[in-house]
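Working notes, beginning with the structure itself.
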Amino acid sequence: MDERYVPEAVEAKWQKKWDEDGVFKVNMDPGKEKYYLLEMFPYPSGNIHMGHVRNYSIGDVVARYKKMRGFNVLHPMGWDAFGMPAENAAIANKSHPAKWTYANIDTMRQQLKRLGFSYDWDREIATCTPDYYRWEQWLFIKMFERGMAYRKESFVNWCEPCQTVLANEQVENDCCWRCGNNVRQKKLHQWFFRITDYAEDLLVHCDQLPGWPEKVTTMQKNWIGKSIGSEACFAVENSDKIISVFTTRPDTIFGATFMCLAPEHPLVEELSKGRLEEAAVKAFVEKISMQDRSSKAIESYEKEGVFLGVYCINPLTSARIPVYTANFALMEYGTGAVMSVPAHDQRDFDFAKKYDLPVIVVVKPMDSDLDGATMTCAYADSGVMVNSGQFDGLDNREAMLKITDYLQSKNLGRRTVSFRLRDWGISRQRYWGAPIPMIHCDSCGAVPVKVEDLPIVLPEDADLLASGGSPLNHLDYFKRATCPSCGNPDARRDTDTMDTFVESSWYYARYCCPDYDKGMLDPEAVKYWMPVDQYIGGVEHAILHLLYSRYFTRVMKDVGVLEIKEPFKRLLTQGMVNKATIKCSEHGFIFPTDVVDTDQGPTCGLCGLPVEIGRVIKMSKSKKNVVDPNELLDRYGADTTRLFCLFAAPPEKGLDWSDEGVDGSFRFLSRVWRLIKANESALEASKPYDGSIDSLEGKTRELFAKTHFTIKKVTGDIEDDFHFNTAISAVMELVNVMHTLSYEDMDEVRDRVFRLSVESMVLLLSPFVPHFAEEVWAMLGHTKSILCEAWPVHSEDALVQNDMVIVIQVNGKLRGKFTIAADSDDETIKQRALEDELVKKFIEDKPIRKVIVVKKKLVNIVI
RNA sequence: GCCGAAGUGGUGGAAUUGGUAGACACGCUAGACUUAGGAUCUAGUACCGUGAGGUGUGGAGGUUCAAGUCCUCUCUUCGGUACCA
């Protein structure tokens, strides 16, 4: 056998063996405790990138570790296969999205297999197969029947020249990314899921997910955004119309000096009609409809609006206040109307200054006065009520309740709750998605397809470039349908497809029973396997995907196919893998390796132009900065690649990718390899030491203690917070100790302790570098796969220390240290510290004010 | 804008959660050795200073015997922002 470590042969050999022995296949086993480990499935974009390698390496460590701990581990993999990039690629390559997608899946599956992950490939799912999405269509019908899915009008980004709907990502500075023309908002009938019905439940349970990172539940809570407040009615002057507003500050209604309606608010057109202002209002609404409608864009525009020409009446002061339409009022939040109180809201204040509207103070600080005319910013804190009639003098928080009660008694308002969360719009005017199983009939309205007619299979021959919205809309044979309710032969099939987030909202449950054909989920299988014990994926999914999945689990429970309502018991959010790039005016983002240092500073290696300092950006296909792991795999093999990914940083941290240091991981494995090769005969001849630490001394004792310490450290790092980087460095330290020992003459006891250390070390390493570990395990004479071995257990006795090192500080600064028996009392330690020569030098003749002794750590002398 | 994070040597990171800042690696420097390899081994490596010593965890304050860790303010970067997945 080769004396050097050559990964290629080793890895191929073990992958083949695992495959032949079917070691990763799992079945329900009621006698065994289950562990469901899931990593977020990838979108088949073409190639695995380092983000995937990192994510799946993390998961594989946990899966293999849990298996060694005796759990029945479910560890599946699949493909989030519907989506926009497939359509874009198909258009660019004049190909078909399915062809592109399946080819990518094949490539990526090969790459994952090459990395040696412990997946049960028999459970592989691709969401674009009718066997998968038929159950999604089935669920849609159940949801429709229960009123959980409904249709309403809402807006999409529309590019007139391209005659197509654009995703937010495809809109750049209000313009189409292809043709550059201005995008406008177009109103369409679309399907929505009533996620807001579950807002309260989703919110409450955020506090009952102890296995989730707090930052994620915090983000979800803020996203759901529950506000307790009041609804108040403002009558429109000379009209029977009422403008209803939601406010969290009913205490400030006396200070409301104008009203703002969202540009889409139905009253905007109605109230301005036939007035002098009509044209200006129309122009404003038109202008807004040409802007990006994403909330990030809306919030970044400068606040502006126009007067509608009408006034409404403040229900408390009876004052006439002007009605505006403004770009910061959102139709989706509250009632789409904002009562503006410039004295106590900064946004309203800015708007009032811009349009010269009055500022009336109604809440003032305890100890000072405010003047609306001279204020420079809004006062949003609590205080005492003023200018508020009978409520003057009250604490404003008390006034909130009293004013709401007063409005309610006059029938002008009520207490209410508002959520920031909006219903989930799932209609997409795209081809590559699951068809919505609905039929539109002139006499019956929207009617679901009969369940026995499912799946509604996505036709293969749609024209992706056909103008006018959904590609399926142009397929006459697909579109034509008979009404399932009345038999009308002229009904029309819904030609939109579902948001791809729908597929990823329930795939985790389907892995329990991927081939089940009697229903969406096999009740027995989901009862055994669900919930997912550990879910692992990128932080970028902290809100949407994870919230939708929590929602869908509740829906599946209410529909009766699941018994639980939280899908993921523990969650690990992995930091993103980014790539530092450098911007060249000619070549866009380039890699640092393409930069050449010259006397004039850094220049682009491709064109010689000077380049901007590097910036870290998210890896994405569109930015062409994806790091391809193939090169690493060719050069170092799977184990080194995996080891380095895990060693480079703790999983939750973002990682700015750099290959620097991969050599170190390879060298470490080679070092372990050599260690075993160099001591082959000693290892062969001995059994692992099974005695206690008491009969050991010197270096042997040290190694024994270090081994047990390492077992404890690695186990803790995996169990507690997945800090694999420190787990690996602990094993490296152990190997360093073994190396110094292995150069010495060995006796029988040493050989046995050495063998114990080597075996423990290989077992600890096996989840990280499984091929390497299998090979070494076999070299040590074992015939069973290392996966079937038990995880090592440390002994506390081995960790007891006789001595301890105490640090001496003078005024908090390190001045010396000494070693003393571990059972010394505080007084002994203190005296020993004060006698220290170095310390005496620092104390000189200054009086000692205080001496602090910290158990087993340090003495601080304050002078 | 809003919500959530993160800032520690030349680099990735560590620090028993308020108690020795820089573990483990990468890189670099010097040396040794050899069957010249993807070598390996030994020593050194935060900064300033010849030295005693001093300074150091994005920045500015504060609490404490003691702060990378706690508090206040601030800067920068990253993620999400509902049709990218």
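Within every chain, numbering begins at 1; the chains are lettered A, B, ... in the order of the sequence lines, protein sequences first and strands thereafter. Note: hydrogens, waters and symmetry copies are ignored here, and every other heavy atom, side chains too, is used. Please read all numbers here as calculations on a predicted model, not as lab measurements.
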Mind checking [X] for me? I need base, sugar-phosphate or nothing, with any heavy atom below 4.0 Å counting as a touch.
X	value
Glu332(A)	nothing
Ile728(A)	nothing
Ala648(A)	sugar-phosphate

Could you tell me how far apart [X] ([atom1]) and [N] ([atom2]) are, to the nearest whole angstrom?
X	N	atom1	atom2	value
Phe501(A)	A85(B)	CZ	C1'	6 Å
Lys215(A)	C78(B)	NZ	C1'	11 Å
Tyr301(A)	C2(B)	OH	P	18 Å
Ile861(A)	G19(B)	CD1	P	19 Å
Lys221(A)	G80(B)	NZ	C1'	18 Å
Trp673(A)	A39(B)	CH2	P	19 Å
Met732(A)	A23(B)	CE	P	14 Å
Glu214(A)	A6(B)	CD	C1'	17 Å

Worksheet entry | Any residue meeting ring pair (Phe, Tyr, Trp, His ring centres under 6.0 Å) with Phe349(A), in chain and number order, not counting sequence neighbours |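 Partners of Phe349(A) by the ring pair (Phe, Tyr, Trp, His ring centres under 6.0 Å) criterion come out as none, since no residue qualifies.
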Worksheet item: Honestly, is Arg4(A) close enough over Trp673(A), meaning NZ or CZ under 6.0 Å from the six-membered ring centre and within 45° of the axis?
Response: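 Checked: cation-pi criterion not met.
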Item to complete: Would you kindly check if the NZ (Lys) or CZ (Arg) of Arg832(A) is within the cone defined by 45 degrees around the ring axis of Phe818(A) and under 6.0 Å from the six-membered ring centre?
Response: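 Because its charged atom sits under 6.0 Å from the ring centre and within 45° of the axis, Arg832(A) does stack over Phe818(A).
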Does [X] contact [N] through a side-chain donor or acceptor facing the base, at a distance under 3.5 Å?
X	N	answer
Asn222(A)	C3(B)	no
Gln190(A)	C83(B)	yes
Arg849(A)	C65(B)	no
Gln429(A)	C83(B)	yes

Worksheet item: If each of His723(A) and Glu733(A) is mapped to the nucleotide of RNA chain B with the nearest heavy atom, which maps nearer the 5' terminus, i.e. the 5' end?
Response: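 This one resolves to His723(A).
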Worksheet item: Taking for each residue the nucleotide of RNA chain B bearing the nearest heavy atom, is the 5' side occupied by Asn725(A) or by Asn811(A)?
Response: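 The residue whose closest nucleotide sits nearer the 5' end is Asn725(A).
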Worksheet item: Would you say the ring centroid of Tyr301(A) lies under 6.0 angstrom from that of Phe328(A)?
Response: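 No, the ring centres sit 6.0 Å or more apart.
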Worksheet item: Centroid-to-centroid, Trp432(A) to Phe82(A), below 6.0 Å?
Response: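 Yes; Phe82(A) has its ring centre under 6.0 Å from that of Trp432(A).
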Discussion item. Let's see if you can work this out: which of G19(B), A14(B), C84(B) has an atom nearest to the side-chain heavy atoms of Pro650(A)?
Written reply: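 My answer, after comparing the listed nucleotides, is A14(B).
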Heavy atoms, side chains only, cut-off 4.5 Å: are [X] and [Y] in contact?
X	Y	answer
Leu202(A)	Leu547(A)	yes
Ile861(A)	Gln809(A)	no
Tyr508(A)	Ser549(A)	yes

Does [X] have a side-chain nitrogen or oxygen under 4.0 Å from the phosphate oxygens OP1 or OP2 of [N]?
X	N	value
Arg420(A)	C2(B)	no
Asn578(A)	U77(B)	no
Arg667(A)	C26(B)	yes

Distance, [atom1] atom - from [M] to [N], rounded to whole angstrom:
N	M	atom1	result
U55(B)	G68(B)	P	13 Å
G12(B)	U64(B)	P	35 Å
G37(B)	G44(B)	C1'	25 Å
U11(B)	G59(B)	P	14 Å
A25(B)	A43(B)	P	13 Å
G80(B)	C26(B)	P	33 Å

Worksheet item: Nearest 0.5 Å, what's the CG-CG distance between Leu188(A) and Asp496(A)?
Response: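 Reported to 0.5 Å precision, the distance equals 7.5 Å.
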Discussion item. Please classify the glycosidic conformation of U17(B) as syn (within 90° of 0) or anti (everything else).
Written reply: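 Syn, which is what one calls it when the glycosidic angle falls within 90° of 0.
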Worksheet entry | Glycosidic conformation of G9(B), taking syn as within 90° of 0 and anti otherwise |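 Here the answer is syn: the torsion falls within 90° of 0.
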Practice prompt. Pull out every stem in RNA chain B, meaning runs of 3 or more consecutive Watson-Crick or G-U wobble pairs with both distances under 3.5 Å.
Written response: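 Listed by first number, the stems are B:1-7 with B:75-81, B:10-12 with B:24-26, B:27-32 with B:40-45, B:46-48 with B:53-55, B:58-62 with B:70-74.
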Does the side chain of [X] pick up a donor-acceptor pair with the side chain of [Y] at under 3.5 Å?
X	Y	value
Asp80(A)	Ser504(A)	no
Tyr548(A)	Asp499(A)	no
Thr196(A)	Asp423(A)	yes

With 3.5 Å as the limit, what N/O pairs link the protein to nucleotides 67-74 of chain B?
none

